[in-house]
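Heads up: the structure comes next, in structure tokens.
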Amino acid sequence: MDVRADPTRQLVRLRGRSYVAFVFSPAVPIVDWLSEIDATLARSPGYFVGKPIVLDLAAVDLSGPAIAHLVGSLNDRNIRVLGIEGVEESRLAANMPPLLTGGRACVITRSEPVKAEEPKEEPRPKPTSLLLESPVRSGQSIVFTDGDVTVLGSVGSGAEIVAGGSIHVYGTLRGRAMAGVNGNSSARIYCQKIEAELLAIDGYYQTAEEIDVSLRNRPAQAWLQGDTMKITPLN
Amino acid sequence: MAKVLVVTSGKGGVGKTTTTAALGAALAQGGQNVVVVDFDVGLRNLDLVMGAERRVVFDLINVVQGVAKLPQALIRDKRLENLWLLPASQTRDKDALTDEGVGRVIAELSTRFDWILCDSPAGIERGATLAMRYADEAVIVTNPEVSSVRDSDRIIGMLDSKTVKAEKGEQVKKHILITRYDPMRAARGEMLTIDDILEILATPLLGIIPESQDVLKASNVGSPVTLNNADSAPARAYVDASRRLMGEELAMVVPVERKGFMDRLLGRRAA
């Protein structure tokens, strides 16, 4: 929000701007209230560091020296008070934060400080195989470039499986299977029933049309021999 | 606790709306409090099939956007007093639906009804995903054709990943309903068989609705087929399906071609 005061002489421009600040509303006894603050600080040290804080003293009746003492106590805890509201101006000494008026409530989204990083465990070795216990449905794409993919179920028409290693399907393979995508030419594709739309190993592929009709609906495996793809029945 | 059931398919024209109306009416006939909700914003049909098109004032979008209260938009069926319709808007499109808005409407409906049947639009876009979003159960309507079966497979994958239940690590209970099953064409091997479909979709079967003129006739007079001609084969199949949804175990009836007298006399042409 920018409010521009009418410049009388082009020299000094005054601008108003509103900011969001945390409001502290101390309650009596002040000592107990301060220990509450200490408890918060113990949970998340540095929570208030660098945050603008306003003291709302409407709920308490403090004398000038008492206000000075409160501001000092907060200062000791690294909490700097930006302004004070809800008190007569006469009670504020010149060296104290200024009196504020016209504050409106708003919602503050809490951003918890980042916790100190826990000591990291030894990075686990990456899994070298992926097991899928449900059928792979049409439109789903399973990409696992780190190793083998095993499917307990069918691979639907229009689904695809991309594996760095071999692909094992304990069900009907109706979709696409692409094995050895990282240049692993010894990867193979196995399935209990072959009705695949496309088979590929290390970039060499065959479409459904090229797969021998006599193999269809039978357990089969595909592998690479040089640059030709072999598909043979499994039993 | 209300059950939220989405009737979905992926493919269009397989009979989602007919099924929603027929199952809704059958459940209501069984004594349940039922509301059928049309999610096909912009292409609404459920009001026509339910015969309520002349009584639509407010719709789902109005309720989602807070323009109207839910009781203002609900239309009570004239034949069954415990069957209600929440129509879709014809003038808006699916972008008018919001996730929170739909969730709020479903939550409010849950306090009043035993069953909330969501009639999903075809496709896999916003309308379809929001229709299935809060579902506890799903009826996947499938025709015995490869295109329909593949689309159903896709939808099952989405039910397992895009619903609130799936995101919580639970499962939406899924049922396959095969519609437009033609025994004559099945006998000639011109259609996928029931076994083929179930093998591909790997999901339990809720019922088989035979292809029938009764379905078309009922739609044209604005009546769910289970109300319009309760003795017809499709009506009986829908009633069985609704009883299975209620947890009854019934033997599955596979529609067979009924042979007339002449067929028996002249069944086979000699070679």
Side-chain angles (χ1 to χ4, degrees), chain A residues 107 109 130-144 149-163 167-178 189-199 207-211 213-220 233-234, chain B residues 6 8-12 14 120 122-126 128-129 132 135 138 140-163 165-176 189 191-205:
Chain A
V107 179
T109 47
L130 175 69
L131 172 66
L132 303 167
E133 290 188 272
S134 53
V136 181
R137 303 290 182 177
S138 180
Q140 290 180 334
S141 177
I142 308 292
V143 181
F144 183 77
V149 174
T150 307
V151 183
L152 298 178
S154 297
V155 177
S157 161
E160 67 179 17
I161 299 198
V162 179
I167 296 173
H168 311 257
V169 180
Y170 294 94
T172 311
L173 173 56
R174 298 190 181 86
R176 299 162 155 236
M178 290 166 251
I189 299 169
Y190 309 86
C191 60
Q192 275 191 337
K193 235 177 169 189
I194 183 167
E195 284 180 51
E197 289 164 349
L198 181 140
L199 297 176
T207 58
E209 248 180 24
E210 294 153 335
I211 299 170
V213 183
S214 64
L215 290 167
R216 298 236 140 214
N217 270 319
R218 296 172 61 184
L234 260 180
Chain B
V6 60
T8 185
S9 69
K11 191 168 156 56
V14 294
S120 170
I124 53 171
E125 289 79 22
R126 191 176 184 80
T129 49
M132 71 171 65
I140 300 116
V141 181
T142 306
N143 288 169
E145 300 165 19
V146 280
S147 57
S148 174
V149 172
R150 184 160 78 181
D151 290 358
S152 295
D153 196 38
R154 176 92 216 247
I155 283 290
I156 293 171
M158 294 178 67
L159 285 165
D160 286 340
S161 60
K162 299 248 162 99
T163 52
K165 277 220 151 186
E167 284 168 9
K168 283 196 290 189
E170 298 167 30
Q171 279 253 326
V172 174
K173 196 173 172 193
K174 300 175 291 282
H175 315 269
I176 299 293
M191 288 187 327
L192 282 179
T193 67
I194 305 282
D195 288 343
D196 286 343
I197 297 169
L198 297 182
E199 208 252 324
I200 292 173
L201 297 179
T203 303
L205 181 64

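Worth knowing before you read on, the calculation uses all heavy atoms, side chains too, and leaves out hydrogens, waters and symmetry mates. In the text below, chain A, chain B and the rest are named by the order of the sequence lines, each starting its count at 1. Everything numeric here is computed off the predicted structure, so don't read it as measured data.
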Handout entry: Enclosure of B:Glu167 CD (heavy-atom neighbours >12, cutoff 6.0 Å)
Key = yes
Practice task
Inspect the surroundings of NZ in A:Lys193 and state if more than 12 heavy atoms from other residues, nucleotides or ligands are less than 6.0 Å away.
Solution key: yes
Fill in the blank from the handout: Expected contact set for residues 132-141 of chain A against chain B at heavy-atom separation under 4.5 Å reads A:Pro135, A:Val136, A:Arg137, A:Ser138, A:Gly139, A:Gln140
Completion exercise
Bottom line for A:Thr172: the part with an atom under 4.5 Å from chain B's heavy atoms is side chain
